[in-house]
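Along the sequence shown, residues are numbered consecutively beginning with 1.
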Amino acid sequence: MKQRITASIILLFALVAISFREQNETEPPLATVIKLESAEAVADFSYARSYIDVEKVYANDEMAPEEAWKKMVMFHYNLSKDKRFSNTFPYYKYDITEKIKDKKSEVIFKSKDITGPIKAIIYKLDLVNDKWIVVKIDYIKS
C-alpha cells in the first residue's frame, strides 16, 4: 500500500514537471512576430503561414485574404531587390513591448521617431494549440 502511494506521488510529480516544461517551451509572442517578419522578408509563404492566420488578418481587404497577403509580401520582396530599399524590419527604431493575458497577447512596436508617419504597429496574437498565431495587425498613424 505504501509503495502504491509513493509510486502515485512520483507519477504525479513527473506529470506536473512534464506539463510545466511543455508550458515553458511555448515561444513568446515576440518570437512569433519576428519569425513571421523574417519568413515574409524572403517570401517563404509556407513557413510564414505557420505564424499568421491569413484569413483573419486580411479579412477586410477588397480581394481574397490569401491573394492580398501574397500580393503585399511580394510587393515588399520585389521592392527589396532595389538597392535603395530593404525589406528587413528595423527593430532598433522601435520600443518593443509584449502584453500577455491568458490566451491573447499583443506585441507593440512604438516608433522612436515622433515625426514619422506610423506611431505604432500592434500585432495581436491568439494562443492556438500551444503556439502563438498573429490574428490582427494594426498600424497607428500620425
Side-chain angles (χ1 to χ4, degrees), residues 3-142:
Q3 290 174 338
R4 278 190 174 174
I5 293 173
T6 304
S8 296
I9 290 172
I10 291 171
L11 179 62
L12 179 64
F13 279 120
L15 290 173
V16 168
I18 290 169
S19 174
F20 183 73
R21 191 184 85 218
E22 287 175 355
Q23 287 176 354
N24 288 338
E25 288 180 3
T26 300
E27 289 187 324
L30 179 58
T32 297
V33 171
I34 291 170
K35 289 182 177 186
L36 172 62
E37 288 287 333
S38 177
E40 287 182 343
V42 294
D44 187 340
F45 293 107
S46 61
Y47 193 75
R49 179 175 295 294
S50 64
Y51 295 104
I52 187 170
D53 185 331
V54 174
E55 285 70 31
K56 286 184 180 177
V57 175
Y58 292 90
N60 296 329
D61 207 284
E62 293 175 1
M63 57 183 85
E66 180 84 11
E67 185 181 347
W69 176 56
K70 286 184 175 181
K71 184 177 179 179
M72 185 274 306
V73 169
M74 289 309 298
F75 172 76
H76 289 114
Y77 178 77
N78 289 327
L79 189 62
S80 72
K81 291 179 180 178
D82 185 328
K83 292 187 190 285
R84 296 175 290 170
F85 300 100
S86 171
N87 65 348
T88 57
F89 191 82
Y91 295 101
Y92 63 93
K93 292 183 177 183
Y94 294 86
D95 291 321
I96 303 168
T97 57
E98 181 180 68
K99 297 177 183 178
I100 301 172
K101 186 173 182 181
D102 299 323
K103 294 186 177 211
K104 300 217 177 270
S105 67
E106 288 184 347
V107 175
I108 303 164
F109 293 87
K110 185 177 177 189
S111 179
K112 291 180 180 181
D113 179 7
I114 57 172
T115 62
I118 299 203
K119 287 186 175 188
I121 304 169
I122 303 171
Y123 290 83
K124 296 186 180 195
L125 300 92
D126 286 346
L127 188 61
V128 179
N129 298 326
D130 294 326
K131 186 175 177 182
W132 291 106
I133 303 293
V134 175
V135 294
K136 188 171 184 183
I137 305 171
D138 289 328
Y139 295 89
I140 310 303
K141 298 179 181 178
S142 298

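- Atom CZ of Phe89 sits about 11.0 Å away from atom CG of Leu36, to the nearest 0.5 Å.
- For Lys99, the NZ atom counts as loosely surrounded, since its 6.0 Å shell holds 12 or fewer non-hydrogen atoms of other residues, nucleotides or ligands.
- Taking 4.5 Å as the limit, some side-chain heavy atom of Ser50 sits within range of a side-chain heavy atom of Lys131.
- Between Ile52 and Tyr58 the shortest side-chain heavy-atom distance falls below 4.5 Å.
- Closest approach of Ala59 and Pro65 over heavy atoms only: CA-CG, 4.4 Å.
- Using a 3.5 Å distance cut-off with no hydrogens or angles, the side chains of Ser80 and Asn78 do not pair a donor with an acceptor.
- The distance from atom CD of Glu66 to atom CZ of Arg49, rounded to the nearest 0.5 Å, is 4.0 Å.
- The closest side-chain heavy-atom distance from Leu30 to Tyr91 is not below 4.5 Å.
- Residue Lys56 forms a side-chain contact (heavy atoms from CB on, under 4.5 Å) with just one option from Ile133, Ile137, Val134, Val135, and that option is Val135.
- Heavy-atom contacts from other residues, nucleotides or ligands closer than 6.0 Å to OH of Tyr77 number 12 or fewer.
- The closest side-chain heavy-atom distance from Ile100 to Leu127 is not below 4.5 Å.
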Which donor-acceptor pairs under 3.5 Å do the side chains of residues 102-111 make with protein atoms, sequence neighbours left out?
{"unit_1": "Lys104", "atom_1": "NZ", "unit_2": "Asp126", "atom_2": "OD1", "d": "3.0"}
{"unit_1": "Ser111", "atom_1": "OG", "unit_2": "Asp113", "atom_2": "N", "d": "3.1"}
{"unit_1": "Ser111", "atom_1": "OG", "unit_2": "Asp113", "atom_2": "O", "d": "3.3"}

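- Atom CG of Asn129 is separated from atom OG1 of Thr26 by 10.5 Å, given to the nearest 0.5 angstrom.
- Each of Tyr47, Tyr51, Trp69 was evaluated against Glu40; a single residue qualifies, Trp69, per the side-chain hydrogen bond (donor to acceptor under 3.5 Å, both in side chains) test.
- When all heavy atoms of Lys70 and Phe45 are compared, the closest pair comes out as CG-CE2, 3.5 Å.
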